[in-house]
Every structure is written in structure tokens, then in C-alpha cells.
Amino acid sequence: MTQLPKSTDKKLGLVIDLDTCVGCHACVISCKGWNTENYGAPLSDQNAYGADPSGTFLNRVHSYEVQPDQGTAQLIHFPKSCLHCEDAPCVTVCPTGASYKRVEDGIVLVNESDCIGCSLCAWACPYGARELDAKEGVMKKCTLCVDRIYNENLPVEDREPACVRTCPAGARHFGDLGDPDSEVSQLVADRGGFDLMPEQGTKPVNKYLPPRPKDVMPEYDVLAPFLEPVATTGTGFAHWLDKTLSALPGGSK
Amino acid sequence: MHPAPSVIIFTTFSGLGFGLLFWLGIGAITPNGLMAFIWFTIAYLAAVGGLLASTFHLGRPERAIKAFRQWQTSWLSREGICAVATLLIMAIYGAGLVFFDTPLRPLGWIGALGALGTVFTTSMIYAQLKTVPRWRHWTTPALFLALSIGGGALLAGQVTEALVLLTLAGALQIYTWNTGDTRLAQSGTDMASATGLGHIGKVRAFEPPHTGTNYLMREFIHVVGRKHARVLRIIALGSGFVLPIVFLLLPFSHIWGGLALISHIAGVIVLRWLFFAQAEHVVGLYYGKR
């Protein structure tokens, strides 16, 4: 069914804190691990140990340098996976109905046995959230670890997406963004969470929290201003000696 | 966008084939017997050959039959249905001409409409994509239709119509290139909106997520071929439109007609290559590329 539901009971998604992310890529690895060993076709690699390795990932971490008008540049690590958009363009373009958005929790999934690998959903996604697996020939995307979050065989603390569970910095949060009282919604409200490419009209569920403004470092060495400046223009005997020695053949300048 | 040969061959030849079916359908030429068989074979070879080529870019071509289900939302699904329906209707129309020397006019008209519908739905697969601002414009379906009917007229030997339509298509192609070059910049999507970090300062891609390449970069970022775009545009215009028009204006002979057709097809292949190679997908912005 490639018609989008008018509304979903929940809007499960991620909130990613760009202030806290340290760019360690642990979420990338745990995602690849869980989604290779569990639900659906494994995320294959091609030429993994060769000169030109390539592979399927559902989550990737970019790093951006942002240069303000004044002051020093900031380095911001930027994890990116499926945003489980409310108005998901990837779903409506699917010719087979393999792509769908769940009414109960808003998760966007691919029914792999119906996917013909036409790539049109990846074309329609502005975020690069979908990747065609080169070995399996079907479209892979973030499932929000649908096989973890409802999995009663796992301890309660593990019933969240692998990327969230593994993040050592606590930069990733999982919850219902449709409930204004949920922790993730509160976080978005407090920190001014934003959408990626809002002009594309996809209404992403996942939100990003902006980096907090940088502190201005105070001058810690209280004695530094009182130190005598180092002479830059020379006078006197030492300067004369320096000039004379430098002028000799083989003298260092 | 990656200019995949399968998709270039598909859009070029199925456009030409359905263009010829359009002229056959409206009765611009009404051959019978063996001649009808030859005409319809040419049209079906181009149209069906193109459609088959398109299945080569599928990851799972053996499941292609499933693509007919979601016509309510998917232009790709609509295209598949339009194409099959048109081919079936025109097969009956063609059988009437080949075996019974009887043109079933209403069927021909419906088939001609279906041929236009097929080309239109093909073009909408591209024109619907907000992620590729260059394609999301009325010129995409207009140009696909003009090239299909124009090429069809050339193939069907409709000299006057071909002259008018090729001139029109050439002008439209120039307009499309000129306006398309600035459409990504006008779309409002840039690295600032992609990352949401524009309020801090100027955003620059510092490190990509991986040392190698990936599916997204192979599929959506095509920088290498673009540097020859200017020369290729001139070649495409000359070969696709100017030469065929000159050949058609010369005193008619089948040799000039054949040369006009070959030159036109070569030109369309070049401009279809440019259609993909020059199209910038917004996902490239995350990699600091276009």
C-alpha cells in the first residue's frame, strides 16, 4: 500500500543531539551489526578488504566544518539515517507497494519480498536514507530497529534502536514525537530541535538538536599580561654580535 | 544522477516507438498487409526493446510484474499500465491492418492517446522528483512528448510534421537547458538547509562518512562527465535537430530520410545522457558535492 496513512497513532523517531555527538561512529557499527544479523537481507559489503571497499549502511556520520562570521570554526559531527517522514516521498513513488508507512507507529519499512530494486524511492528521498544492497538487489533502510523495540525476548533496557543503545555520548534519543509530553518531545521543545531540509515538505519525524553556543574562553594565566614583551628590534652588543656572526660565511641567519 | 545506459536506451527508443505508434494510431499512415506488418514490427521493436532495457537497471528484474499494482500514487506503476495497455490495443489495431486490411479507427485513436499517455507518465517519473530540481518543471514532460512525437513523425515519414516538431523540440531543449542550470540554486535547498547549521556560519563538508564510495555517491553524484557538457550540448543540438532538419529540407529521398533518422537518434541519446548526467540530486549537498 503506497498511499500514506492520514495520521499515525504514534510517531516513533530519533532525536539527535549535534552538541553531544563526538563522531565516534559507534552507532554506524552497531546498526550495521544488528541489521546484518537480524531482520531482513544482510547489509552486504563489496571488496571489503580490497582497494575500493563499499557497502550498505543504514546510518552514516558526516562531519562538517562551520565557519561563523567571527571567531573560530566549529567541527560538527552529523549522524544521518531515515527520518521516518510523515509525508514520506519514498513511499508514494513505489510501484509495487513494497514501501509503506505503518499506521500504528509511523515507521517507514520495506517489504523486501515485494521490492523490485527500481531505486525510485532512493531517488525520491532527499536525505540519502535508502541504499540499494548490491548483493541482494533490494532497497535497505533504517527500520528503527522494529525487531528490537517490541522484542519481549530482550531485556527492557535493550528495547530501543541499536544506535541509541550503543551511543557512548548519549547523543541519540528514541521516543514518540507525536506525544508532546514525551521526553523526546520535551527535549525538542527545550533545545529548539529542527527539521532537515524543511523546504522539501517531507515533514520528518526525526529531529536534530543544534550545537549549543560556544563559551568564550577567559584568560587563565593572570600573570601573562605583566610579562615583559620579547624584544623584536635589536639594539646594543648582543644585536651587533648576532648581525656580525650571521654575516660570516656559513653563519646562520 | 548516474547516466545508466539501460535508462538512456529505454527513454530514447521507447519514446521513438510510442511516437511511431501515435502516428500509426491517428491514421497518418494506414499501411496494410506486409507493409503494415513491417511498420508495426519497427514500432514494437523500439517500444518493447526500450521497455525491456529498462528492466536491466532493476535489482530484482524477475519481480517486475509486481510493478503494476500501485497506480494510485506511483508514476512508475502508471507508466507500466499505460505501456502494456497501449501495446495491447495497438496490437489489435495492427492485426486489423495486417490480416484484414481494416483500420479499426476508434481503437487506433485510443492507442494513439495511450502512446502519448505512456510517454507522459514516463516523463512524470522524473518531473515528480522534488529532490532533483532540474527535472521538476513543466519542460520535462513537454520535451519528452515533443521528442517522442517528433521522432515518431520522422520515423513515419511525415516530413512537414517532423520539420515543425523537431524545430519546436530543439527550441524547447535550449529553453530547458537555459532555465534548468539555475534551478537547484533557486530551489532553496542548500548545505545550510540540509544540515540545519546555516545559522552558525558557512557549512563545509569536512569529512565524508567513509573512506570509499557508496551507493548514494554512485547513483546521485556524477561530476566527472559534466565538464564536457557545453560541447555535448552543441553536438546534441546539431545531431538531434539541425542535421535532420537540413536533411529533410533537401529534395526527398530515402537516403536523406534515413540519415535524418540516424542523426536524430544519436542526438537524442546524447541529450538523454546529459539529462541524467547534469541533473543534481540534493543528497549530494550532504557530501558537499552536486
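Scope of the values below: all heavy atoms of this structure, side chains included, with no hydrogens, waters or symmetry mates.
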_For B:Thr131 versus A:Ala124, what's the shortest heavy-atom pair and its separation?_
CG2-O, 3.2 Å
*For residues B:Val282 and A:Met197, report the shortest heavy-atom separation together with the two atoms involved.*
O-CE, 3.8 Å
*Would you find a donor on one side and an acceptor on the other, under 3.5 Å apart, between the side chain of B:Thr73 and the backbone of A:Thr92?*
yes
_Main-chain N/O of A:Val93 paired to B:Ser74 side chain as donor or acceptor, under 3.5 Å_ = yes
*For B:Ser187 and A:Gln200, run side-chain contact (heavy atoms from CB on, under 4.5 Å): C-alpha distance rounded to whole Å, both residues' side-chain angles, the deciding distance at 0.1 Å, then the answer.*
CA-CA 9 Å; B:Ser187 74; A:Gln200 286 275 333; 5.8 Å; no
*asked:* Any side-chain to backbone donor/acceptor pair from B:Lys130 onto A:Pro126? Under 3.5 Å, distance only.
replied: no
*CG/A:Asp69: more than 12 non-hydrogen atoms of other groups inside 6.0 Å*: no
*Grab the two heavy atoms, one from A:Ile116 and one from B:Leu58, that are nearest each other, plus how far apart they are.*
O-CB, 3.5 Å
*Under 6.0 Å between the ring centres of A:His62 and B:Tyr287?*
yes
_Among the listed options B:Leu129, B:Val203, B:Val283, B:Thr189, the residue most often paired with chain A at heavy-atom distances under 4.5 Å_ = B:Thr189
_What verdict does the side-chain contact (heavy atoms from CB on, under 4.5 Å) test give for A:Ile76 and B:Ile200, after you've listed the backbone C-alpha separation in whole Å, the side-chain angles of each residue and the deciding distance to 0.1 Å?_
CA-CA 11 Å; A:Ile76 295 163; B:Ile200 302 174; 4.1 Å; yes
*Mutual orientation of the aromatic rings belonging to A:Phe194 and B:His199 [parallel < 30°, tilted 30-60°, perpendicular > 60°]*: perpendicular
*Please examine the side chains of A:Pro95 and B:Gln70, heavy atoms only from C-beta on, and report whether any two atoms are closer than 4.5 Å.*
no
*asked:* Do A:Glu131 and B:Glu219 have side chains that approach each other closer than 4.5 Å (heavy atoms only, starting at C-beta)?
replied: no
*Return the option, out of A:Ala73, A:Pro79, A:Cys125, A:Pro213, with the maximum number of heavy-atom pairs under 4.5 Å with chain B.*
A:Cys125
*Quick one: does A:Ser119's side chain get under 4.5 Å of B:Tyr215's, heavy atoms only?*
yes
_With heavy-atom distances below 4.5 Å as the criterion, would you say the side chains of A:Cys94 and B:Leu76 are in contact?_
no
*Are A:Val61 and B:His210 close enough that some pair of their side-chain heavy atoms sits under 4.5 Å apart?*
no
_Only pairs of heavy atoms separated by less than 4.5 Å count here; which of A:Pro210, A:Gly71, A:Gly137, A:Gly201 has the most with chain B?_
A:Gly137
*asked:* Can you tell me if A:Tyr39 has over 12 outside heavy atoms packed within less than 6.0 Å of its OH?
replied: yes
*Output, in order, the C-alpha distance, side-chain angles, deciding distance and verdict of side-chain contact (heavy atoms from CB on, under 4.5 Å) for B:Arg204 and A:Tyr64.*
CA-CA 6 Å; B:Arg204 184 172 76 91; A:Tyr64 296 106; over 6 Å; no
*For each of A:Asp114, A:Leu18, A:Thr202, tally heavy-atom pairs with chain B at distances under 4.5 Å, and name the one with the top tally.*
A:Asp114
*asked:* With a 4.5 Å cut-off on side-chain heavy atoms, are B:Phe206 and A:Phe78 touching?
replied: no
_Test: A:Glu65 and B:Lys202 ion pair at under 4.0 Å_ = no
*Could you tell me whether the side chain of A:Leu196 reaches within less than 4.5 Å of the side chain of B:Thr195, counting heavy atoms only?*
no
_Heavy-atom pairs under 4.5 Å with chain B, option from A:Ser113, A:Ala51, A:Gly55 with the top count_ = A:Ser113
_When you measure from the side chain of A:Thr96 to the backbone of B:Ala67, do you find a donor-acceptor pair of N or O atoms at a distance under 3.5 Å?_
no
*asked:* Is it the case that over 12 heavy atoms from other parts of the model lie below 6.0 angstrom from the CD atom of A:Glu199?
replied: yes
*Just by modelled atom types, is the A:Cys115 backbone N or O under 3.5 Å from a matching donor or acceptor in the B:Arg63 side chain?*
yes
*Against chain A, work out which of B:Trp71, B:Phe68, B:Phe220 has the most heavy-atom pairs shorter than 4.5 Å and name it.*
B:Phe220
*Under a 4.5 Å cut-off applied to non-hydrogen side-chain atoms, are B:Arg60 and A:Cys118 in contact?*
no
